[in-house]
There are 2 protein chains.
Amino acid sequence: MEIDPLIKYITRYVELTSQDIIILSQHVKIRNYLKGQYIVQQGDVCKHESFVLSGCAKTSFIDKEGDEHIVMFAIENWWTADLGSFISQEPADYNVQCLENTKVAQFSYDGLQLLYQQIPQLDRFFRMIIQHAFVASQKRVVRNFSLTAKERYLVFRNQYPDIEQRVPQYLIASYLGITKQFLSKIRAELTTQE
Amino acid sequence: MEIDPLIKYITRYVELTSQDIIILSQHVKIRNYLKGQYIVQQGDVCKHESFVLSGCAKTSFIDKEGDEHIVMFAIENWWTADLGSFISQEPADYNVQCLENTKVAQFSYDGLQLLYQQIPQLDRFFRMIIQHAFVASQKRVVRNFSLTAKERYLVFRNQYPDIEQRVPQYLIASYLGITKQFLSKIRAELTTQE
DNA sequence: AAGCTTTGTTAATCTAGATTAACCTCCTTT
DNA sequence: AAAGGAGGTTAATCTAGATTAACAAAGCTT
């Protein structure tokens with residue numbers, strides 16, 4: 001089944017009966033996006049939480065000067081959405097756009113509320129998932145304050161080597177909070193050092 | 001009861017029976033800290049999640065140069081802990097230290113696991129709490145990239161006017177990711193403008 | 001195979017914010 | 001009331017990283 005990776009992922013955290021899995025699959029929609037398509041658009045309400053089955057997407061924010069800032073990337077087995085918009089059902093601050101052709105498993109807002117009623121373990125599951133996401137986000141805040149751009153790049157490269165391969169450098173620069181020119185300079189320094 | 005504010009806070013999100021409240025209060029410990037005392041120390045395992053009943057605490061990180069970086073503040077009705085350490089039960093990255101005499105309601109790690117079994121709504125409650133915390137943390141990442149220091153200070157002042165009053169400026173500067181000297185300069189600019 | 005568009009590099013100049021250091025309050029404590 | 005410490009200000013100098021601009025390489029389209 002197409003949603004097997006999702007089931008496998010969930011059951012790493014909580015147990016699901018075969019009945020649970022049937023209910024769950026009734027409320028999950030598989031959807032394919034082409035490279036360049038938007039899963040969420042800034043200003044629209046984020047209607048789904050998406051689990052990436054294959055492909056790659058970026059979450060970003062366009063500031064008032066028109067500059068794009070990458071909030072996060074998502075590849076296989078990651079979740080993506082504008083969570084703030086999804087939970088409040090108000091207009092999204094962020095875009096989620098595919099960097100490759102991307103297949104996702106989607107929960108709609110209403111579908112997920114139903115699932116929380118019918119499969120109470122999902123409350124626990126998402127609690128644990130979000131706890132980890134929150135911890136990672138806090139660490140990123142600290143790193144942005146206490147590390148130089150070069151150090152942050154090295155941490156990123158170590159932590160997400162698979163993402164670095166798949167994503168253009170200027171987007172990585174944006175994720176790190178620096179310009180593409182400065183990232184290029186850092187990379188030049190690193191290669192001459194080795 | 002001393003834990004009434006906690007009950008009130010939880011029941012804004014989920015329903016609790018009087019039986020639930022009795023069970024809950026058996027697993028919550030009230031604790032008083034003096035100004036300057038540590039609720040969590042970097043390197044120790046974070047053993048509790050604390051809900052602030054009165055007072056004020058800072059969560060901070062000491063980097064390898066010995067400089068302190070403020071991760072967050074907590075006042076009445078906020079939660080504080082090193083969540084990463086709490087969920088993994090591994091040594092904490094952060095300190096949580098009281099800036100005033102502070103009264104908290106604490107959940108121990110084991111106590112909370114028991115409570116999750118006995119009061120399943122708590123999974124939902126904490127899911128919702130952490131979702132909001134995650135959204136706030138992501139917004140902070142974006143703000144740090146897309147706003148100047150002055151703009152970030154104004155956002156902070158607007159968002160947490162009550163915290164600004166109670167906390168020394170050099171800690172606010174650290175929270176904003178700037179030096180106390182630069183914050184002082186920003187404040188001077190703002191007062192002459194008005 | 002020529003011409004776009006997208007991605008990446010190099011280099012000169014510029015700036016937001018850091019660093020250093022001196023000084024100014026207020027509080028406590030003795 | 002003197003002395004010390006915690007918090008805050010001002011100003012000179014310095015630097016990590018931004019900005020601007022020009023060019024190079026690699027896809028794609030047609």
Side-chain angles (χ1 to χ4, degrees), chain A residues 34-37 56 58 60 63-70 73 97-101 141-157 163-194, chain B residues 34-37 56 58 60 63-70 73 97-101 141-157 163-194:
Chain A
L34 295 174
K35 178 173 174 171
Q37 274 192 307
C56 180
K58 69 178 188 208
S60 68
D63 71 20
K64 51 191 188 307
E65 271 87 46
D67 297 329
E68 180 179 41
H69 303 275
I70 303 295
F73 297 107
Q97 188 183 15
C98 297
L99 300 173
E100 305 172 1
N101 294 344
V141 170
V142 169
R143 274 201 300 268
N144 288 342
F145 285 154
S146 60
L147 302 182
T148 63
K150 191 194 249 178
E151 289 167 328
R152 277 180 275 146
Y153 174 57
L154 291 171
V155 168
F156 173 81
R157 222 166 64 158
I163 292 181
E164 210 210 349
Q165 304 312 316
R166 290 165 77 166
V167 167
Q169 273 180 47
Y170 69 93
L171 292 178
I172 293 173
S174 169
Y175 176 87
L176 295 171
I178 59 178
T179 58
K180 59 191 174 177
Q181 292 88 334
F182 195 58
L183 177 55
S184 184
K185 199 171 161 186
I186 288 170
R187 286 165 52 84
E189 274 172 48
L190 287 169
T191 46
T192 51
Q193 267 170 35
E194 281 146 22
Chain B
L34 295 175
K35 178 174 174 170
Q37 275 192 307
C56 179
K58 68 177 189 208
S60 69
D63 71 19
K64 50 190 192 306
E65 272 87 47
D67 297 329
E68 180 179 41
H69 303 274
I70 304 295
F73 298 107
Q97 189 183 15
C98 297
L99 300 174
E100 304 172 2
N101 295 343
V141 170
V142 169
R143 273 201 300 267
N144 288 341
F145 285 154
S146 60
L147 301 184
T148 64
K150 190 194 251 180
E151 290 168 327
R152 276 179 275 146
Y153 174 58
L154 291 171
V155 168
F156 173 80
R157 223 167 64 158
I163 293 181
E164 210 210 346
Q165 305 311 317
R166 290 164 76 166
V167 166
Q169 274 180 47
Y170 68 94
L171 292 179
I172 292 173
S174 168
Y175 175 87
L176 295 172
I178 58 178
T179 58
K180 57 188 173 178
Q181 291 89 330
F182 195 58
L183 178 55
S184 184
K185 199 171 161 186
I186 288 170
R187 285 165 52 83
E189 274 173 45
L190 287 170
T191 46
T192 53
Q193 267 171 35
E194 281 147 21

Could you run down the sub-3.5 Å N/O contacts of the protein with nucleotides 12-18 of chain D?
| unit_1 | atom_1 | unit_2 | atom_2 | d |
| --- | --- | --- | --- | --- |
| D/dG17 | OP1 | A/A149 | N | 3.2 |
| D/dA18 | OP1 | A/G177 | O | 3.4 |
| D/dA18 | OP2 | A/T179 | N | 3.2 |
| D/dA18 | OP2 | A/T179 | OG1 | 3.2 |

For this session: Verify, without hydrogens or angle tests, whether A/S184 (side chain) and A/K180 (backbone) share a donor-acceptor contact under 3.5 angstrom.
Result: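 No, the answer is negative, given that no donor and acceptor are paired below the 3.5 Å cut-off.
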
For this session: Would you confirm whether A/N101, through its side chain, and A/L34, through its main-chain N or O, come within 3.5 Å as a donor-acceptor pair?
Result: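 Checked: no pair found.
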
Counting C-beta onward and ignoring hydrogens, is there a side-chain heavy-atom pair between [X] and [Y] closer than 4.5 Å?
| X | Y | result |
| --- | --- | --- |
| A/K185 | A/E189 | yes |
| B/L154 | B/L190 | yes |
| B/V155 | B/R143 | yes |
| A/F73 | A/L99 | yes |

Exercise. Is any side-chain N or O of A/Q169 closer than 4.0 Å to OP1 or OP2 of C/dT9?
Worked result: yes

For this session: Could you tell me the separation between the NZ atom of A/K150 and the CZ atom of A/R187, rounded to the nearest 0.5 Å?
Result: 13.0 Å

Problem set entry | Sequence-aligned protein contact record of nucleotides 20-28 of chain C, with B where the base is within under 4.0 Å of a protein heavy atom and S where only the sugar-phosphate is | BB-------

Exercise. Picking from C/dT10, C/dT7, D/dG7, which would you name as closest to the side chain of A/Y170?
Worked result: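 Closest nucleotide to the A/Y170 side chain: C/dT7.
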
Exercise. Who passes side chain to side chain contact (heavy atoms under 4.5 Å, CB included) against A/D67, sequence neighbours left out?
Worked result: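 For A/D67 the side chain to side chain contact (heavy atoms under 4.5 Å, CB included) partners, ignoring immediate neighbours, are A/D63, A/E65, A/H69.
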
Could you state the [atom1]-[atom2] distance from [X] to [N], rounded to the nearest angstrom?
| X | N | atom1 | atom2 | value |
| --- | --- | --- | --- | --- |
| A/E68 | C/dT7 | CD | P | 11 Å |
| A/K180 | D/dC23 | NZ | C1' | 13 Å |
| B/E164 | D/dG8 | CD | C1' | 14 Å |

